[in-house]
Amino acid sequence: MKQTLEKLLKEAVERIGVKEPPHIEIEVPKEESMGDLSTPVAMALAHTLKRPPRDIAEDIAGGVSGEGIFERVEVAGPGFINFTFKKDFLHSELKRLLKEGTTFLRRDLGQGRKIQIEFVSANPTGPLHLGHGRGAAVGGALSNLLEAAGFEVERAYYVNDAGLQVRLLGESVFARYRELRGLPHEFPKEGYRGDYVADIARAIMDSAGDKYKDSTFDEAQDFFVDFSLRMMLDETKEDLASFGITFDTWQSERELYESGGVKQAIESLDAKGLIYESGGAIWFRAMEFGEDKDRVIVKSDGHHTYFASDIAYHAKKIEGGFDELINIWGADHHGYIPRLEGVIEALGYERDKLKVLLVQMVSLLRGGEPVQMSKRAGEFVTLREVIEEVGADTTKFIFLTRRPDSHLTFDLEAAKAASAENPVYYVQYANARINSIFAHATEQGVSTDALEGADLGELEEKEEIRLIKKLLAYPMAFEAAVKGREPHRITFYLQELAGMFHPYYNTHRVVTDEPGLTAARLALCRAVRLVIKEGLRILGLSAPDRM
RNA sequence: GCGCCCAUAGCUCAGCUGGAUAGAGCACCGGACUACGGAUCCGGGUGUCGGGGGUUCGAAUCCUCCUGGGCGCGCCA
């Protein structure tokens with residue numbers, strides 16, 4: 001629909017003597033009386049052509065060749081050109097949608113370009129919390145979205161399984177282990193205090209018994225750290241699975257050290273003279289890349305900072321042949337962005353090869369009262385608990401009906417209360433409802449197989465025309481979502497589509513006494529279902545046949 | 001002190017990258033087909049778009065200052 005107009009408009013604009021036409025904006029006007037699609041292009045041209053916008057609009061409108069396509073082409077307001085399509089055109093486009101299916105809905109904007117999306121990447125020192133859930137929902141939806149748009153997408157998870165934090169986890173588990181055994185123990189001062197630490201200790205008792213009752217932590221360290229890591233990682237994967245999120249690659253930080261990747265990355269920076277020693281530590285010349293201070297890679301005690309392995313990790317990503325890298329981070333890491341971009345430049349690549357998408361913080365409330373989400377503190381609400389309490393689809397939907405950069409307060413009480421009335425069901429119900437219409441049709445002995453031949457010209461009610469236009473507008477929403485990397489646009493589109501389907505259903509019967517009309521309406525329902533399923537799939541939401 | 005993000009209806013949020021009279025859902029009130037699922041539908045109103053200034057044909061959207069909130073600014077991760 002939009003593409004057809006785009007092409008005709010471009011020709012018309014060239015026809016009035018504009019050699020290099022600007023980008024032609026096309027939008028759906030807010031009022032139906034303003035036509036189906038609209039363009040402000042005449043107003044944009046007014047300045048350069050030094051003519052009144054309405055005159056230009058008249059000229060362009062007169063030059064649009066689209067006989068058989070437009071019912072009306074009108075100039076309105078300060079200089080908008082409004083287009084209203086002929087019903088025949090809408091019907092033939094709907095026919096195409098039904099025939100081509102998702103091919104009609106998607107556009108190949110990626111052209112097979114490789115893109116890696118890294119998200120969640122939580123420290124394996126504690127369970128996933130709600131903030132991770134937001135990253136997971138957005139990252140998963142964005143991945144599906146870009147995949148549908150013809151990108152080759154890799155979903156990546158980075159596991160920080162090296163360094164002092166995981167050692168501290170092991171030490172905390174060790175202390176709990178001794179505690180459970182009734183042995184004297186000293187809990188590390190900054191240790192992890194959540195219940196999950198004791199859970200791990202219990203699991204160790206189950207599998208290793210009292211094998212380590214006489215060991216010091218130094219002796220038992222490897223076992224405790226590895227066991228704890230494996231268990232945390234397994235639980236993380238379980239949580240993500242129950243949230244409907246999957247990953248293609250799990251990059252271990254430890255592996256980057258063991259394979260020599262970190263060493264290599266540092267050497268390559270060194271070879272470029274971007275590294276120096278001072279005060280016993282090794283520094284990266286971040287200031288040469290716009291940072292306000294240089295950054296330590298290796299501390300004076302010999303330990304590497306996270307930054308060191310991040311350099312190696314991103315070097316490895318780039319060498320993986322990706323055209324674009326996307327990192328989805330919590331907004332509390334925003335200060336880290338220039339540092340990492342600097343490194344990418346230092347490694348000899350374009351800075352904008354990496355796009356960091358910040359997902360704003362989620363503050364958790366329960367009945368208006370703040371709930372702490374600190375991993376070190378004893379009490380916090382995990383993603384798992386929220387999924388169990390509120391449900392995966394509802395939780396995801398709450399995340400996907402907001403711009404990622406909007407701050408979000410997630411009130412558990414409100415979410416649960418809203419759960420029964422949640423808009424996600426409104427959308428899913430449209431799908432389920434269509435399924436029962438088809439079941440009903442079959443019961444009535446109406447064939448639902450041969451809808452290809454249906455005469456869609458039968459669809460003349462205004463609710464039907466509106467619905468068709470909305471369906472044909474899906475590619476526009478899709479394109480905007482892809483270009484802006486904003487999956488939430490799909491969410492809003494689906495709510496609007498369902499918001500047209502339900503009233504239609506209540507006004508007009510699909511299965512009627514007239515076979516021709518029935519076939520056409522069934523075909524329309526099938527198209528609605530197709531689009532809803534496609535949208536829900538992209539968002540990572542389920543599309544149950546019955547609810 | 002410096003930097004990033006946010007502020008739109010009572011609440012939760014959209015607003016298609018500068019366009020027409022700023023929109024949904026929730027909540028509240030009233031109503032609906034002996035037929036395809038009432039998780040539905042129909043009707044009812046609400047705005048100094050946080051505030052001031054600027055840019056221009058035109059600003060919720062861009063610039064600037066201010067206010068308020070969130071988050072960063074380590075040889076932490």
Side-chain angles (χ1 to χ4, degrees), chain A residues 25-31 34 38-40 43-44 46-47 52-53 76-80 82 123 125 160 163-166 168 190 278-283 292-293 295-301 303-307 330-338 358 360-361 363 375 398 401-403 405-411 414-415 417-418 420-426 428-430 432-441 443-444 446 473 476-477 479-481 483-484 486 488-489 491-493 495-496 498-499 501-512 518 521-522 525 546-547:
Chain A
E25 206 74 37
I26 293 176
E27 55 197 31
V28 178
K30 48 179 124 188
E31 303 248 346
M34 297 167 176
S38 177
T39 179
M43 289 180 282
H47 189 70
F80 289 96
N82 295 338
N123 266 325
T125 50
N160 292 112
L164 298 175
Q165 290 302 314
V166 289
L168 187 60
E190 297 288 305
S278 169
I282 297 177
W283 299 70
D292 47 3
K293 52 185 87 160
R295 301 293 176 175
V296 170
I297 295 176
V298 185
K299 296 186 273 181
S300 53
D301 66 4
H303 285 111
H304 290 74
T305 62
Y306 258 36
F307 189 37
D332 51 342
H333 290 92
H334 77 261
Y336 199 64
I337 298 173
L358 289 181
Q360 279 295 338
M361 303 282 89
S363 43
K375 234 179 285 184
I398 288 173
T401 38
R402 283 147 173 87
R403 284 191 337 272
D405 59 0
S406 69
H407 297 258
L408 164 57
T409 53
F410 194 110
D411 192 308
E421 296 287 319
N422 196 281
V424 72
Y425 297 123
Y426 186 75
Q428 289 174 329
Y429 185 50
R433 182 169 247 178
I434 290 169
N435 283 322
S436 37
I437 294 173
F438 274 87
H440 175 76
E443 244 173 63
Q444 300 295 307
V446 177
M476 292 174 72
E479 197 180 323
K483 286 185 174 163
E486 293 173 325
H488 74 274
R489 291 184 186 281
T491 320
F492 282 90
Y493 171 87
Q495 290 186 76
E496 288 164 12
F501 174 73
H502 288 305
Y504 169 59
Y505 171 89
N506 273 279
T507 323
H508 301 287
R509 284 194 62 81
V510 173
V511 181
T512 67
T518 301
R521 289 184 171 172
L522 283 172
C525 286
R546 271 193 303 273
M547 298 174 63

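Here is the naming used below: chain letters follow the sequence lines, and residue numbers restart at 1 for every chain.
On a pure distance criterion of 3.5 Å, no polar donor-acceptor pair joins the side chain of A/Asp332 and the base of B/rA77. Side-chain N/O atoms of A/Thr305 and base N/O atoms of B/rA77 include no donor-acceptor pair closer than 3.5 Å.
Atom pair A/Tyr426:OH and B/rG37:C1' shows a separation of 15 Å (rounding to whole Å applied). Computed from coordinates, the A/Gln495 CD to B/rG23 P distance equals 18 Å when rounded to whole Å. Rounded to an integer number of Å, the gap from A/Arg295 CZ to B/rC75 P is 7 Å. Between the OH atom of A/Tyr505 and the P atom of B/rA39 there is a distance of 10 Å, rounded to whole Å. For A/Tyr336 and B/rG74, the OH to P distance is 13 Å, given to the nearest whole Å. Distance A/Tyr306 OH to B/rA77 C1': 5 Å, rounded to the nearest Å. With rounding to whole Å, A/Tyr425 atom OH is found 16 Å from B/rU40 atom C1'. Rounding to whole angstrom units, CZ of residue A/Arg521 and P of B/rC36 are separated by 15 Å.
One C1' atom belongs to B/rG3, the other to B/rA14, and the distance between them is 28 Å to the nearest Å. For B/rG10 and B/rC76, the C1' atoms lie 43 Å apart once the distance is rounded to whole Å. A gap of 27 Å separates the C1' atoms of B/rC57 and B/rC65, to the nearest Å. Atom name P, nucleotides B/rA59 and B/rA22: the rounded distance is 12 Å, in whole Å. When the P atom is used for both B/rG70 and B/rU12, the distance is 15 Å, rounded to whole Å. For the C1' atoms, the distance linking B/rG47 with B/rC2 amounts to 36 Å, nearest Å. A distance of about 33 Å separates the P atoms of B/rU17 and B/rA27, rounded to the whole Å. Comparing the P positions of B/rG45 and B/rG53 gives an interatomic distance of 33 Å, to the nearest angstrom.
Using modelled atom types, no side-chain atom of A/Trp283 and backbone atom of A/Ile297 make a donor-acceptor pair closer than 3.5 Å. Side-chain N or O atoms of A/Asn160 include none that pairs as donor or acceptor with a backbone N or O of A/Asn123 at under 3.5 Å. No donor-acceptor pair under 3.5 Å is formed between the side chain of A/Ser38 and the backbone N or O of A/Val28. Within the 3.5 Å criterion, the main-chain N or O of A/Arg402 finds no donor-acceptor partner in the side chain of A/Ser406. With hydrogens and angles ignored, the 3.5 Å screen pairs no side-chain donor or acceptor of A/His407 with any backbone N or O of A/Ser363.
With distances taken from any side-chain atom of A/Gln165 to the nucleotides B/rC75, B/rC76, B/rG38, the minimum falls on B/rC76. Residue A/Arg433 places its side chain closer to B/rU40 than to any other of B/rU40, B/rC76, B/rC42. Here the nucleotide nearest the side chain of A/Val511, chosen from B/rG74, B/rC4, B/rC36, is B/rC36.
In this structure, A/Asn435 reaches neither bases nor backbone, as no heavy-atom distance under 4.0 Å exists between it and the strands shown. Here A/Gly279 lies in heavy-atom contact (under 4.0 Å) with a base. Here A/Ala432 lies in heavy-atom contact (under 4.0 Å) with a base.
A residue-by-residue look at A/Asn160 and A/Ile437 shows that A/Ile437 has its nearest nucleotide of RNA chain B further toward the 5' end. Toward the 5′ end of RNA chain B lies the nearest nucleotide of A/Thr39, the other residue of the pair A/His303 and A/Thr39 mapping further downstream.
Remark: B/rC2 base-pairs with B/rG72; criterion is Watson-Crick or G-U wobble with both hydrogen-bond distances under 3.5 Å. When Watson-Crick and G-U wobble pairs are counted only if both distances are under 3.5 Å, B/rG53 pairs with B/rC63. Pairing for B/rG25 is with B/rC11, a Watson-Crick or G-U wobble pair whose two hydrogen-bonding atom distances lie under 3.5 Å. Remark: B/rG18 base-pairs with no nucleotide; criterion is Watson-Crick or G-U wobble with both hydrogen-bond distances under 3.5 Å.
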**Prompt:** In B/S/- notation, 5' to 3', how is nucleotides 30-35 of chain B contacted by protein heavy atoms closer than 4.0 Å?
**Reply:** -----B
**Asked** Reading nucleotides 10-17 of chain B from the 5' end, what letters show protein touch, with B for base, S for backbone sugar-phosphate only, - for no heavy atom under 4.0 Å?
**Response** --SSSSBS
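At a threshold of 4.5 Å between non-hydrogen side-chain atoms, the residues A/His440 and A/Val510 do not count as touching.
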**Request:** Just do the side chain to side chain contact (heavy atoms under 4.5 Å, CB included) check on A/Glu27 and A/Thr39 with the steps written out, would you?
**Result:** CA-CA 6 Å; A/Glu27 55 197 31; A/Thr39 179; over 6 Å; no
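Between the side chains of A/Thr512 and A/Thr518, at least one donor N or O sits under 3.5 Å from an acceptor N or O.
In this view, A/Ile337 and A/Trp329, A/His334, A/Glu341, A/Val356, A/Leu358 satisfy the side chain to side chain contact (heavy atoms under 4.5 Å, CB included) rule, not counting sequence neighbours.
Both tests pass for A/Arg433 against the ring of A/Tyr505: distance under 6.0 Å to the centre and angle within 45° of the axis.
Note: A/Phe307 and A/Tyr336 have perpendicular aromatic rings, judged against thresholds of 30 and 60 degrees for the angle between ring planes. The aromatic rings of A/Phe492 and A/His488 lie perpendicular to each other, with more than 60° between the two planes, well past the 30° mark.
With a glycosidic angle more than 90° from 0, B/rU55 adopts the anti conformation.
Checking the phosphate oxygens (OP1, OP2) of B/rA24, no side-chain nitrogen or oxygen of A/Tyr493 falls inside 4.0 Å.
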